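Taking it in order: structure first as structure tokens, then the write-up.
Lettering of chains follows the sequences in order, A, B, ..., and the numbering in each one begins at 1. None of these values were measured; they are calculated from a predicted model.
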Amino acid sequence: MDNEERGYVPSDVEQKWQTRWDERGTNAFTVEELRTAENPFYNLMMFPYPSAEGLHVGNIYAFTGADVHGRFQRLQGKDVFEPIGFDAFGIHSENFALKVGTHPMDLIPSNVKNFTRQLRRIGGMFDWDHAVDTTQPDYYRWTQWVFLKLFEAGLAERKEAPVNWCPSCMTVLANEQVVGGLCERCDTPVEQRRIAQWFFKITQFSQRLLDNLETIDWSDTTTKAQRNWIGRSEGAELAFPLIPIAELGERDSRPDAIDPEAVHLTDEAHTIRVFTTRPDTVFGATFMVLAPEHPAVDFLTTDASRAEVDAYRQKAAGSDLVSRQKTDKEKTGVFTGGYCRNPATGEAIPVWIADYVLMDYGTGAIMAVPGHDERDFEFATEFGLEIRRVVARKDEDADTPLEEAAPGDGRLVNSGHFDGMPKAEAIRAVTEWLGERDLGELQVNYRLHDWCISRQRYWGPPIPIIHCDSCGAVPVPESDLPVILPRVEDFRPDDSGISPLARVEEWYQVDCPSCEGPARRETDVSDTFLDSGWYFLRYPSTDSEGVAFDPEITKRWLPVDTYIGGNEHAVLHLMYSRFLTMVLKDLGHLEFEEPFTRFRAHGLIIREGAKMSKSKGNVIVPDPIIEQYGADTFRTYLMFLGPFEEGGDYQDKGIEGPRGFLHRLFDTAVNAEDREPDADVERKVHQTIEQVTQQIPELGYNTSIAAMMECLNVIRAGGRTAARAEIEPLVVMVAPFAPHLAEELWERFGHEESIFEGRNWPEFDAEKAAENSVEMAVQVMGKLRGTITVPVDTDQESAVAAAQAEENVARHLDGKTVRKVIHVPNRMINFVAN
RNA sequence: GCCGGGGUGGCGAAACGGUAAACGCAGGAGACUUAAAAUCUUCCGGGCUUCGGCCCUUGCGGGUUCGAGUCCCGCCCCCGGCACCA
């Protein structure tokens with residue numbers, strides 16, 4: 001063979017194998033195969049949003065890591081289904097389309113085309129026959145179907161809720177577009193407007209979403225994030241009776257004394273309920289604070305305070321998110337003029353409103369215990385309200401002054417017959433005591449909010465509902481799906497704050513499916529997270545036209561075996577997917593309720609110690625690198641530069657290491673001789689097999705590659721030529737990282753089938769890997785004083801003798817008495833001596 | 001503030017409680033080259049050294065242990081996320 005024929009030219013090799021994989025259908029499953037696969041393994045990665053910039057190195061990192069996993073499983077004999085798709089509906093695409101002035105229907109296909117080209121080029125084992133594009137009617141038809149299922153189950157509800165409004169752009173913003181309370185585009189403070197929107201009642205599933213976390217194998221960081229997001233907290237709901245002003249008598253000596261006639265109590269509202277995690281401190285509740293939006297404010301407010309209250313409420317309602325969300329700002333608030341009774345002390349306490357109390361958590365009302373809550377303390381200090389101690393630590397008593405809020409542990413004081421009771425016990429006891437009068441009960445609260453899926457935008461699947469004056473909200477019949485998103489040239493949201501579709505009369509004017517009278521389509525589209533909340537169900541069933549997902553195929557392939565993705569989706573996407581899966585299970589469409597058996601979050605890539613960003617101009621552009629080094633080298637380097645689950649620092653020159661490794665591997669393999677392997681080399685090879693086989697499924701990619709490099713160094717040591725049996729296992733083990741190179745060498749070894757077609761992973765042989773001698777460390781008083789080489793499994797007596805014979809060891813033991821010997825077989829000996 | 005994840009050579013990083021720095025980058029020296037590239041060999045944490053070795057070193061301070069980068073307690077710093085959740 002001459003040099004030209006033998007040399008490793010990555011681009012040629014990669015081109016050759018990508019073409020051949022396509023021709024042979026190596027990566028694609030037929031419907032028949034999907035129905036009959038014997039060792040199904042569903043290997044999923046988070047599908048990308050196809051931006052105009054093309055594939056980001058972060059995408060490539062994630063996909064390569066997932067692909068390595070899939071290819072490894074395939075080499076182990078699994079039928080690995082590894083689909084890919086495009087998450088192209090939604091705000092990102094729409095905003096970009098607005099920016100460049102191209103219609104998303106024109107823009108997206110070219111982005112998808114470019115992504116497809118790049119994804120093919122990196123050599124992922126993608127099944128292109130089962131790709132999914134969320135913007136296609138044959139996909140979003142089923143997204144709309146999912147909505148209908150939730151609607152039928154009573155889990156979709158329309159209610160008023162605030163939307164983010166940018167007064168400068170005059171447009172509705174998605175939460176993602178609000179950064180620190182400011183519009184991401186123009187930095188204008190975002191306001192809130194209330195409009196009717198669709199919600200999915202995910203909060204009904206809070207406890208289940210929490211409990212199930214115990215049953216799935218996910219990255220710890222991700223389960224913790226989910227747990228946090230659900231935010232379970234245990235406490236009590238307590239009732240504070242309202243007091244008609246007349247009863248106050250002379251208690252209140254304010255100059256603006258309250259007009260009894262001004263207090264209006266309705267029968268349903270004799271009390272205000274609060275949620276607290278510290279019912280034990282109720283004796284210290286010296287005032288109450290309501291969220292400005294709280295409905296009770298209306299009838300609590302007296303004529304004297306009305307003007308001030310209204311002004312405050314108005315300000316809070318229009319208030320931009322920045323100032324309301326700032327935790328370090330000074331507390332503001334207004335006294336309503338009304339009072340309620342502390343159910344424990346019987347005292348009348350004033351009711352205030354303040355924006356630090358949020359309407360959408362708990363009951364929208366709190367009992368303020370300034371002595372033992374920081375925020376209440378601050379508020380009380382600001383407005384001169386009473387601060388009372390009701391909990392004391394050991395070194396304190398009932399009269400110890402409070403310099404600051406004391407939220408910690410202790411025993412009750414100033415709390416009637418509960419005095420002296422420890423906090424934990426009191427939480428129960430006080431609640432029970434109030435419960436006897438129907439004024440309290442233990443209660444669990446969650447931070448999780450219902451999922452608002454309405455978007456007053458254009459680029460998304462229309463919500464399949466028709467509003468009829470006589471029938472109300474009527475679901476579009478399933479047979480009428482999909483509700484096609486019409487092509488609208490002017491898709492910019494405008495200052496009306498309603499969806500662009502609301503301007504397309506010929507589209508929204510329809511007959512009511514129920515009464516056939518004139519009706520109007522819902523003109524909001526759904527959240528992009530709804531598209532991505534079920535896509536993994538569609539992949540294996542893209543051949544099925546009449547159903548969202550084929551029951552038989554779904555049963556065989558789902559739940560997903562391994563899902564790999566970024567932690568930026570640790571809460572929303574993963575939570576919504578879990579929720580939808582639970583609902584579909586309850587409705588009898590699925591047999592499992594957790595979609596992803598195993599989830600692993602990958603880390604982030606930075607470059608030369610700095611975060612990559614367009615503004616810094618330090619973004620890695622993959623195409624030129626792949627052109628210069630080839631996809632195999634790029635993949636291997638990405639996997640080598642740090643632990644996959646932690647990410648790493650991309651150093652431009654670092655790629656030279658893996659490049660040299662793959663070239664040497666190629667060179668060694670093509671020059672290998674047909675002869676018996678050398679025992680020492682074979683030992684190293686089998687030790688490497690053991691290590692790599694164990695580490696790859698754990699995503700220990702960087703150390704696996706290091707081990708293979710080390711192994712190759714041993715094989716080539718002193719310029720020796722390899723025996724084929726020495727190098728072939730290494731070629732297979734490198735295949736998940738450098739699939740094209742491995743295929744090429746596999747073929748040159750004389751195999752006719754693809755390396756990925758069979759169970760070709762090398763078998764570990766413990767006997768061949770076994771060492772016959774080991775180097776042991778010898779310590780004296782825990783300090784290394786020498787090493788000895790002894791046969792494996794040398795007993796303590798012989799090892800000690802050998803150690804003592806070591807010159808340097810002997811010197812350190814000289815004149816000392818050995819008190820104790822620590823012997824760790826095959827590792828070390830430590831003489832404890834003095 | 002709260003919740004995660006981290007602090008180890010010049011750099012990216014390794015290390016079941018057991019020889020810290022494997023593997024790689026950068027760098028030094030050398031070989032092959034007319035030369036360069038590529039390739040190969042070799043050195044490479046710091047300080048002493050009588051060349052046998054000795055001492056120091058995993059963000060800081062304590063502790064447990066025969067032995068701690070690793071476990072425990074208390075701090076400091078960096079990165080990411082959440083943010084008045086009662």
Side-chain angles (χ1 to χ4, degrees), chain A residues 180 219-225 227-229 231 233 235 274-278 281 289 291 324-329 331 354-358 360-369 372-376 378-379 407 445-449 567-568 570-571 601 603-604 606 608-609 611 637 640-643 645-661 663-664 667 700 702-713 716 718-719 775-787 807-808 811-812 819-824 826-833:
Chain A
S219 289
D220 222 37
T221 54
T222 315
T223 21
K224 276 179 183 150
R227 220 168 249 127
N228 240 313
W229 192 257
S233 66
V274 301
F275 174 72
T276 175
T277 53
R278 294 293 305 276
T281 62
V289 188
R324 178 140 187 193
Q325 284 180 355
K326 273 234 171 78
T327 56
D328 53 356
K329 72 160 184 175
K331 294 275 182 290
D355 64 5
Y356 82 93
V357 176
L358 310 172
D360 56 8
Y361 182 79
T363 61
I366 62 159
M367 64 176 203
V369 185
H372 305 282
D373 179 279
E374 279 176 39
R375 295 150 301 178
D376 298 344
E378 221 183 293
F379 191 83
N445 247 300
Y446 303 88
R447 291 174 80 144
L448 187 67
H449 284 53
N567 241 342
E568 70 273 16
V571 281
L604 297 177
I606 56 170
E608 310 276 353
K611 208 173 153 180
Y637 177 46
F640 179 64
L641 52 73
E645 288 174 89
E646 282 165 39
D649 189 355
Y650 187 99
Q651 302 187 332
D652 294 0
K653 290 218 162 170
I655 195 170
E656 291 296 342
R659 191 197 64 81
F661 166 64
H663 276 83
R664 284 192 292 278
D667 194 54
N702 57 333
T703 48
S704 291
I705 293 167
M708 290 190 281
M709 286 172 166
E710 212 178 319
C711 184
L712 184 64
N713 291 345
R716 291 168 54 92
E775 195 179 69
M776 292 177 70
V778 182
Q779 299 178 347
V780 177
M781 294 302 286
K783 282 194 188 281
L784 183 71
R785 295 304 177 191
T787 58
E807 197 190 320
N808 197 40
R811 198 171 61 237
H812 281 274
R819 305 279 173 201
K820 194 174 167 188
V821 175
I822 312 284
H823 174 238
V824 182
N826 298 326
R827 291 212 144 249
M828 54 82 65
I829 287 175
N830 185 14
F831 293 102
V832 184

**Asked** If only side-chain N and O atoms of A/N830 are considered, is one of them under 4.0 Å from the OP1 or OP2 phosphate oxygen of B/U65?
**Response**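 Answer no for this pair, as no side-chain N or O of A/N830 is under 4.0 Å from OP1 or OP2.
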**Message:** When you measure from the side-chain N and O atoms of A/K611 to the phosphate of B/G80, is any distance below 4.0 Å, counting only OP1 and OP2?
**Reply:** yes
**Prompt:** Considering residues at least two apart in sequence or located in another chain, which fulfil the side chain to side chain contact (heavy atoms under 4.5 Å, CB included) criterion with A/H823?
**Reply:**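 Residues passing side chain to side chain contact (heavy atoms under 4.5 Å, CB included) with A/H823: A/M776, A/Q796, A/A799, A/P825, A/I829.
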Show the distances under 3.5 angstrom between N or O atoms of the protein and N or O atoms of nucleotides 39-45 of chain B.
from: B/U39; atom 1: OP1; to: A/R659; atom 2: NH2; distance (Å): 2.8

Between the protein and nucleotides 1-3 of chain B, list every N/O to N/O distance that falls short of 3.5 Å.
from: B/C3; atom 1: O2'; to: A/N228; atom 2: ND2; distance (Å): 2.8

[X]: what forms a salt bridge (charged side-chain N to carboxylate O under 4.0 Å, His left out) with it, not counting sequence neighbours?
X	result
A/E775	none
A/K224	A/D220
A/R447	none

**Item:** Dot-bracket pairing map - RNA chain B, Watson-Crick plus G-U, both contacts under 3.5 Å, | cross-strand
**Value:** (((((((..(((.....[....))).(((((.......))))).((((....))))..(((((..]....))))))))))))....
Scan [X] against the nucleic acid and name what it touches under 4.0 Å (heavy atoms): base, sugar-phosphate only, or nothing.
X	value
A/N713	sugar-phosphate
A/H823	nothing
A/E775	base

**Item:** For A/Y637, all residues meeting ring pair (Phe, Tyr, Trp, His ring centres under 6.0 Å), sequence neighbours excluded
**Value:** A/Y650
**Request:** Could I get the full list of ring pair (Phe, Tyr, Trp, His ring centres under 6.0 Å) partners for A/H449, not counting sequence neighbours?
**Result:**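 Partners of A/H449 by the ring pair (Phe, Tyr, Trp, His ring centres under 6.0 Å) criterion come out as none, since no residue qualifies.
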Show each protein N/O and nucleotides 28-31 of chain B N/O combination with a separation under 3.5 Å, one pair to a line.
none

Any N/O pairs under 3.5 Å between the protein and nucleotides 69-71 of chain B? List them or say none.
none

Shorter than 3.5 Å, N or O on both sides, protein versus nucleotides 6-17 of chain B: list them out with atom names.
from: B/C11; atom 1: O2'; to: A/Q651; atom 2: NE2; distance (Å): 2.2
from: B/G12; atom 1: O4'; to: A/Q651; atom 2: NE2; distance (Å): 3.3
from: B/G12; atom 1: O2'; to: A/L641; atom 2: O; distance (Å): 2.8
from: B/A14; atom 1: OP1; to: A/N702; atom 2: ND2; distance (Å): 2.8

